[in-house]
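The shown structure was predicted, so the numbers you read here are calculated from the model rather than taken from an experiment. Both backbone and side-chain heavy atoms feed into the values below; hydrogens, waters and symmetry mates do not. Count residues from 1 along the sequence.
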Amino acid sequence: ANGAWRDRSLPVEGAEAYLDKGLIYQNPFIIAFNHEDEPGYNGQRFEYPDGAIVVGGGLASIDVAKVFMLEVARARLAERGIDVPIEELEVKGIPKFLSTHDLEYEDLGIEGCTIFYRRNIDDMPLAEIPEGADEARAAKVRQSRRRLLDKAMNKFRFRMEPLSAPDGLVTEGERLVGLRFRRTRIEAGRVVMQDETFE
């Protein structure tokens, strides 16, 4: 199996002060999404703001981005009087479901969420390169990583920003409202921070 069983802390000094004040980790977020519609659920509940930032590069980050996109799309459809079960939207994918209502994705006016990853797309741990694999086998796995990501992006319409490492917090009052990122490059398999930053 690929993916972290325990959330990694956001590697920015002071970030933990904003936990549940704009900063949410994957495990409680996905647990709440999976159970919030069950009768008697009394755990945490989260909002699904459009334009969310997802930090990471594995399957968990894709799951989080998918949830944001599904929930934002479902809310925009509800504004148009179209009620859709989340399962149907997930199975069909957002563009395919919209086509059954003569709608385009752009019609919903969604900004969408973005996954920010410190390495290249081909480095995303979406499929494991077997130990001792030759270059041809490794290249095939990297290609399957890219295909998996492309399929998810087409189906759920989130964006991907590689070579971007979190570098600072953007706050308003007592809430985290954004992040500053630093561009990176990969040298001999290592992440090297660059001078360029962006929010």
*Asks:* Would you call R76 and D50 a salt bridge, using N to O less than 4.0 angstrom?
*Replies:* yes
*Asks:* More than 12 non-hydrogen atoms from neighbouring residues, nucleotides or ligands closer than 6.0 Å to CG on D134, yes or no?
*Replies:*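 Buried by this count: over 12 neighbours within 6.0 Å.
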*Asks:* With rounding to the nearest 0.5 Å, note down the distance linking CD1 in I115 to CD1 in I121.
*Replies:* 9.5 Å
*Asks:* As an exercise, state the distance from OH of Y25 to OG of S9, rounded to the nearest 0.5 Å.
*Replies:* 4.0 Å
*Asks:* Are R146 and D122 close enough for a salt bridge, meaning some N to O gap below 4.0 Å?
*Replies:* yes
*Asks:* May I ask you to test the M124-L59 pair for a side-chain heavy-atom distance under 4.5 Å?
*Replies:* no
*Asks:* Can M160 be reached from F116 by stepping across I, L, V, M, F, W or Y side chains whose heavy atoms are under 4.5 Å apart?
*Replies:* no
*Asks:* Mind telling me whether F68 and Y48 have parallel, tilted or perpendicular rings, with 30° and 60° as the class edges?
*Replies:*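 Perpendicular, since the angle between the ring planes exceeds 60°.
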*Asks:* Quick check: do L149 and F158 have side-chain heavy atoms less than 4.5 Å from each other?
*Replies:*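 In short, these two side chains touch, coming nearer than 4.5 Å.
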*Asks:* Measuring from Y18:OH to L23:CG, what's the distance to the nearest 0.5 Å?
*Replies:* 11.0 Å
*Asks:* Decide whether Q44 and D20 meet the rule of one side-chain donor and one side-chain acceptor closer than 3.5 Å.
*Replies:* yes
*Asks:* Ion pair present between E161 and R159, side-chain N to carboxylate O less than 4.0 angstrom?
*Replies:* no
*Asks:* Using distance alone, with no hydrogens and no angle criterion, decide if R185 and Q194 have a side-chain donor and acceptor under 3.5 Å apart.
*Replies:* yes
*Asks:* Atom CG of N42 and atom NE2 of H35: how far apart are they, to the nearest 0.5 Å?
*Replies:*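 Answer for the CG-NE2 pair, N42 versus H35, is 12.0 Å.
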*Asks:* Restricting to pairs with a member in residues 54-66, which pass salt bridge (charged side-chain N to carboxylate O under 4.0 Å, His left out), not counting sequence neighbours?
*Replies:*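 Those involving residues 54-66 are K66-E90.
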*Asks:* Can you name the closest pair of heavy atoms from V141 and A127 and give their distance?
*Replies:* CG1-O, 3.6 Å
*Asks:* So, E106 and R157, do they make that salt bridge, N to O below 4.0 Å?
*Replies:* yes
*Asks:* Is any side-chain heavy atom of L19 less than 4.5 Å from a side-chain heavy atom of L176?
*Replies:*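 No, every pair of side-chain atoms sits at 4.5 Å or beyond.
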*Asks:* Looking only at side chains, do S164 and R118 share a donor and an acceptor under 3.5 Å apart?
*Replies:* no
*Asks:* Using the ring of each side chain (for Trp, its six-membered ring), is F181 parallel, tilted or perpendicular to F198, with breaks at 30° and 60°?
*Replies:*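 Geometry flag for F198 against F181: parallel rings.
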*Asks:* Check whether any side-chain heavy atom of L103 sits under 4.5 Å from a side-chain heavy atom of L77, and report yes or no.
*Replies:* yes
*Asks:* Are I86 and L108 linked, directly or through other ILVMFWY residues, by side chains that come within less than 4.5 angstrom of each other?
*Replies:*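 Yes, I86 connects to L108 through the hydrophobic network.
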*Asks:* Is the closest basic N to carboxylate O distance between E71 and R74 below 4.0 Å?
*Replies:*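 A salt bridge is present here (some side-chain N lies under 4.0 Å from a carboxylate O).
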*Asks:* When you group the ILVMFWY residues by side-chain heavy-atom contacts below 4.5 Å and let the links chain together, are L10 and Y117 in the same group?
*Replies:* no
*Asks:* Is it true that V54 and F29 fall in one hydrophobic cluster, defined by side-chain heavy atoms closer than 4.5 Å?
*Replies:*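 Yes, it is one cluster - the side chains of V54 and F29 are joined through contacts under 4.5 Å.
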*Asks:* Would you find more than 12 non-hydrogen atoms of other residues, nucleotides or ligands less than 6.0 Å from R45 atom CZ?
*Replies:* yes
*Asks:* Which value, rounded to the nearest 0.5 Å, describes the distance between R175 atom CZ and L169 atom CG?
*Replies:* 13.0 Å
*Asks:* For the atom pair CD1 (I24) and CD (Q26), what is the distance rounded to the nearest 0.5 Å?
*Replies:* 12.0 Å
